[in-house]
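Just below is one structure, and these are the notes that go with it.
Keep in mind the model is a prediction, meaning the values are calculated, not measured.
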2 protein chains.
Amino acid sequence: MGRQPSAKPTSFDIAYLAGVSQPTVSRALRGSKSVSAATRANIQRIAQELNYTVDKNASSLRSQRTHTLALLFFEDPNPDESMINPFFLSMLGSITRECARRGYDLLISFQQMHNDWHVTYQDSHRSDGIILLGYGDYQLYLTKLEHLVEMGTKFVRWGSVSEDGIGLTVGSDNVGAGEQAGAHLVEIGRRRIAFLGDASDHAPEFQDRYDGLCRAMRAAGLEPDPALQRDAVSSEDSGYAAARSLIESGQNFDAVFAASDLIAIGAMRALAEAGLRLPQDVAIIGFDDIPAASLTSPTLTTLMQDMKGAGALLVDALLARIDGRPVEQRILPARLIRRQSTAV
Amino acid sequence: MGRQPSAKPTSFDIAYLAGVSQPTVSRALRGSKSVSAATRANIQRIAQELNYTVDKNASSLRSQRTHTLALLFFEDPNPDESMINPFFLSMLGSITRECARRGYDLLISFQQMHNDWHVTYQDSHRSDGIILLGYGDYQLYLTKLEHLVEMGTKFVRWGSVSEDGIGLTVGSDNVGAGEQAGAHLVEIGRRRIAFLGDASDHAPEFQDRYDGLCRAMRAAGLEPDPALQRDAVSSEDSGYAAARSLIESGQNFDAVFAASDLIAIGAMRALAEAGLRLPQDVAIIGFDDIPAASLTSPTLTTLMQDMKGAGALLVDALLARIDGRPVEQRILPARLIRRQSTAV
DNA sequence: ATATTATGCGTATACGTATACCCTATGGCG
DNA sequence: CGCCATAGGGTATACGTATACGCATAATAT
């Protein structure tokens with residue numbers, strides 16, 4: 001008998017117990033300075049005792065602020081749809097934590113590229129802002145981004161910062177990272193360096209990495225050979241196919257820079273199958289430092305992005321945007337992790 | 001200058017345009033049968049045109065149903081906190097999709113075990129139900145579960161189904177999987193099989209796997225040796241340490257069954273460092289089939305859980321629970337994936 | 001001492017939807 | 001032809017919070 005233990009207390013209950021009005025409770029808990037320290041303390045104590053928590057729906061409805069961010073994964077329409085890019089998965093952790101730290105909830109959506117626009121649209125109403133993650137075809141979602149801008153939706157996306165496109169972008173220094181990779185390969189004496197990954201404007205991040213590689217080679221007096229570049233999206237299968245194509249072309253090469261670790265892992269399989277020794281015949285570098293990179297044989301040299309920093313920066317930038325504060329584009333450095341695949 | 005393009009239309013706008021009252025719009029869109037087909041069609045058309053979406057906050061506030069599920073990761077207090085168990089990460093994908101398919105939003109929370117109770121409590125008010133995922137110390141969160149039950153919160157958790165504990169559990173057939181592992185090792189001629197993973201009631205899933213192993217051994221006329229069991233939590237470091245301890249004890253063993261792939265990977269490192277050949281000297285089996293399992297050297301034989309099915313089942317069960325429908329405990333089969341680490 | 005401002009809080013109301021309740025027009029039935 | 005059931009939809013209101021506004025009292029200025 002008695003009341004349900006789950007009968008959720010409201011601000012009225014607190015107000016009654018504290019001998020004040022409901023708005024005062026609201027003010028006290030939101031930190032308004034027009035409530036005396038004594039009253040506030042008393043209210044907070046009572047709220048604590050009753051296990052009171054502000055009703056998010058009511059609060060959001062009234063204030064028109066949801067205190068929720070949406071995280072949208074844009075994926076390529078993929079046959080093996082259950083697989084998520086491990087890089088984004090690790091970023092998820094840091095974004096979640098960062099949101100929690102600031103008292104924001106995080107809503108997760110996965111979306112196939114070809115899906116209807118209205119899903120994104122809806123998400124924009126369920127949250128104060130959107131974080132967009134996607135390695136997918138860039139052109140394909142440009143029009144969607146324009147929609148978002150048009151509607152005044154606040155969003156940040158992860159990607160290539162160099163092309164100053166639509167909205168606010170946070171990303172790694174892909175060009176600089178590509179340079180590091182190139183410089184490292186040159187340093188260990190490689191001259192004919194292949195690149196696996198789209199080098200078109202469908203994938204600006206990959207393009208930047210390629211540009212960085214070319215820059216490093218030219219700085220060393222080498223001319224990149226376009227015949228050594230092969231398109232690939234970020235998957236093992238695609239990397240395998242790209243490497244096969246390269247091998248079968250009969251081109252001569254002594255190093256591979258793969259635009260992502262997944263590509264690299266697929267490529268390593270193809271190279272090994274072709275009887276090439278790693279790294280003696282072909283050195284290889286990946287990108288992302290996914291957990292698997294330290295398990296391959298040989299272990300994979302790669303470029304580690306600062307994912308913890310990335311999550312923090314994305315959330316930071318988005319919140320600034322939401323609050324109307326000015327926000328600068330920021331670029332995160334990447335770090336070369338040397339492992340066996342480039343150890344000569 | 002006209003209205004903001006982002007001025008969100010309300011049900012009143014639709015009502016006005018359709019020449020009906022606001023409640024009729026609500027009824028039409030929610031599928032109430034007390035509105036004529038013609039009226040409903042008209043309302044739907046107008047809503048479509050205006051890009052109208054129901055305001056979730058208002059709707060939830062009024063109906064006290066959030067149409068949101070919360071996903072709670074319970075982690076062990078971990079030094080390398082940025083790492084998330086890859087197994088759970090893949091499950092995340094399937095849960096997300098399943099929620100989307102049913103029109104539910106998914107809210108994500110990470111929570112350290114030692115964190116305050118009130119976080120979970122809050123989550124229970126932001127959502128209709130909670131999905132609990134955690135490999136962590138089971139005893140530690142039993143009291144929290146009791147709290148949830150007490151409050152009438154709807155939840156499902158992933159774990160060991162055999163112990164019929166608090167609330168509703170969905171899980172793999174850990175005993176059966178352990179039996180498969182044991183039978184396979186026996187089949188390839190192994191007699192002294194070690195087990196790495198907590199075999200206490202702090203980790204019922206691991207315990208079940210161990211039980212299954214023992215059962216398979218006894219079925220083959222072998223007696224499991226308790227001296228060959230070592231505690232380990234699901235991390236590479238822990239697996240490494242457990243294997244070291246086993247090696248240093250001087251015990252004689254020709255196979256290892258690790259309670260998770262992460263443990264197995266750590267153990268493989270320790271075994272290799274000790275100069276043991278895999279699988280000739282020691283065969284090894286993991287659990288989970290994380291992506292890295294096919295990349296180790298030798299590649300890792302493991303037990304694959306049906307994660308897609310798991311996500312669907314978890315969401316299914318929780319929704320049934322929420323709607324007050326009866327729901328049975330269900331167990332998912334696991335499948336043995338044979339790779340090089342047991343190929344003799 | 002009066003005018004002025006700040007402090008602390010109560011009153012009234014809005015946020016957008018869902019639902020209990022009521023009303024009207026129809027049709028079936030005896 | 002009167003009665004009731006039903007369909008279809010309107011009226012009023014509740015959900016729990018946040019905020020514009022007003023009004024005292026106290027603090028400060030003149």
Side-chain angles (χ1 to χ4, degrees), chain A residues 4 6-44 46-47 50-68 103 105 122 124-128 323, chain B residues 3-4 6-44 46-47 50-68 103 105 122 124-128:
Chain A
Q4 295 289 337
S6 58
K8 209 174 56 170
T10 72
S11 51
F12 282 98
D13 298 331
I14 314 276
Y16 175 75
L17 291 174
V20 297
S21 72
Q22 177 269 326
T24 300
V25 173
S26 173
R27 280 188 282 250
L29 297 178
R30 313 254 11 259
S32 158
K33 44 181 225 160
S34 75
V35 47
S36 76
T39 307
R40 181 195 315 282
N42 189 36
I43 288 174
Q44 280 173 334
I46 296 176
L50 294 199
N51 247 327
Y52 169 80
T53 57
V54 175
D55 182 300
K56 275 238 18 198
N57 295 313
S59 171
S60 299
L61 177 59
R62 176 63 234 244
S63 65
Q64 299 296 70
R65 287 279 307 261
T66 66
H67 270 262
T68 297
D105 283 341
Q122 279 192 17
S124 74
H125 282 322
R126 285 167 174 23
S127 64
D128 295 336
D323 297 340
Chain B
R3 45 206 285 272
Q4 295 290 338
S6 59
K8 211 174 54 171
T10 73
S11 53
F12 282 98
D13 298 329
I14 314 276
Y16 174 75
L17 290 174
V20 298
S21 70
Q22 176 269 326
T24 300
V25 173
S26 173
R27 280 189 281 250
L29 296 178
R30 312 235 40 241
S32 158
K33 46 181 224 160
S34 75
V35 48
S36 75
T39 307
R40 182 196 313 283
N42 189 34
I43 287 175
Q44 280 174 333
I46 296 176
L50 294 199
N51 247 324
Y52 169 80
T53 56
V54 175
D55 183 302
K56 271 216 72 185
N57 295 311
S59 171
S60 300
L61 176 59
R62 176 62 235 244
S63 65
Q64 301 295 63
R65 285 280 307 262
T66 65
H67 269 261
T68 298
D105 282 341
Q122 280 193 16
S124 75
H125 282 321
R126 285 165 173 26
S127 63
D128 296 337

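Inter-residue side-chain proximity for B:R126 and B:T66 is flagged as unmet; no heavy-atom pair is nearer than 4.5 Å. By the 4.5 Å heavy-atom criterion applied to side chains, A:T68 and A:D128 are not counted as neighbours. Taking 4.5 Å as the limit, every side-chain heavy atom of A:I46 sits out of range of all side-chain heavy atoms of A:Y52. In this structure, B:L17 and B:L50 have side chains that are in contact, with non-hydrogen atoms separated by less than 4.5 Å.
When the C1' atoms of four end pairs are superposed on the next four at each end of the helix from C:dA1-D:dT30 to C:dG30-D:dC1, using five pairs per end, the two resulting axes differ in direction by 40°, to 10°.
The closest donor-acceptor contact from the side chain of A:R40 to the backbone of A:A28 lies under 3.5 Å. The closest donor-acceptor contact from the side chain of B:T24 to the backbone of B:V20 lies at 3.5 Å or more, if one exists at all. Between the side chain of B:S63 and the backbone N or O of B:S59, at least one donor-acceptor pair lies under 3.5 Å. Side-chain atoms of A:R27 do not come within 3.5 Å of backbone N or O of A:S32 as any donor-acceptor pair. Looking only at distances, a side-chain donor or acceptor of B:D13 sits under 3.5 Å from a matching main-chain atom of B:T10.
Look at B:T24 and you won't find any side-chain N or O under 4.0 angstrom from OP1 or OP2 of D:dG8. One finds no side-chain N or O of B:T39 lying less than 4.0 angstrom from the OP1 or OP2 phosphate oxygen of D:dG8.
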Tabulated below should be each protein N or O lying under 3.5 Å from an N or O of nucleotides 13-17 of chain C; please produce it.
from: C:dA14; atom 1: N3; to: A:R62; atom 2: NH1; distance (Å): 3.2
from: C:dC15; atom 1: O2; to: A:R62; atom 2: N; distance (Å): 3.4
from: C:dG16; atom 1: N2; to: B:A58; atom 2: O; distance (Å): 3.4
from: C:dT17; atom 1: OP1; to: B:Y52; atom 2: OH; distance (Å): 2.4
from: C:dT17; atom 1: OP2; to: B:S11; atom 2: N; distance (Å): 2.6
from: C:dT17; atom 1: OP2; to: B:S11; atom 2: OG; distance (Å): 2.6

Distances under 3.5 Å between nitrogen or oxygen atoms of protein and nucleotides 5-7 of chain C:
none

Between B:V54 and B:R30, is the side-chain contact (heavy atoms from CB on, under 4.5 Å) condition met? List the steps. CA-CA 10 Å; B:V54 175; B:R30 312 235 40 241; over 6 Å; no
B:D105 vs B:K56, test: side-chain contact (heavy atoms from CB on, under 4.5 Å). Steps then yes/no. CA-CA 11 Å; B:D105 282 341; B:K56 271 216 72 185; 3.5 Å; yes
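Within 3.5 Å, no donor on the side chain of B:R40 pairs with an acceptor on the base of D:dG8, nor the reverse.
At the heavy-atom level, B:V25 lies nowhere under 4.0 Å from the strands shown.
In this structure, CZ of B:R27 is placed 7 Å from P of D:dG10, rounded to the nearest angstrom. Look at CG on B:L29: it is 13 Å from P on C:dT19, rounded to the nearest Å.
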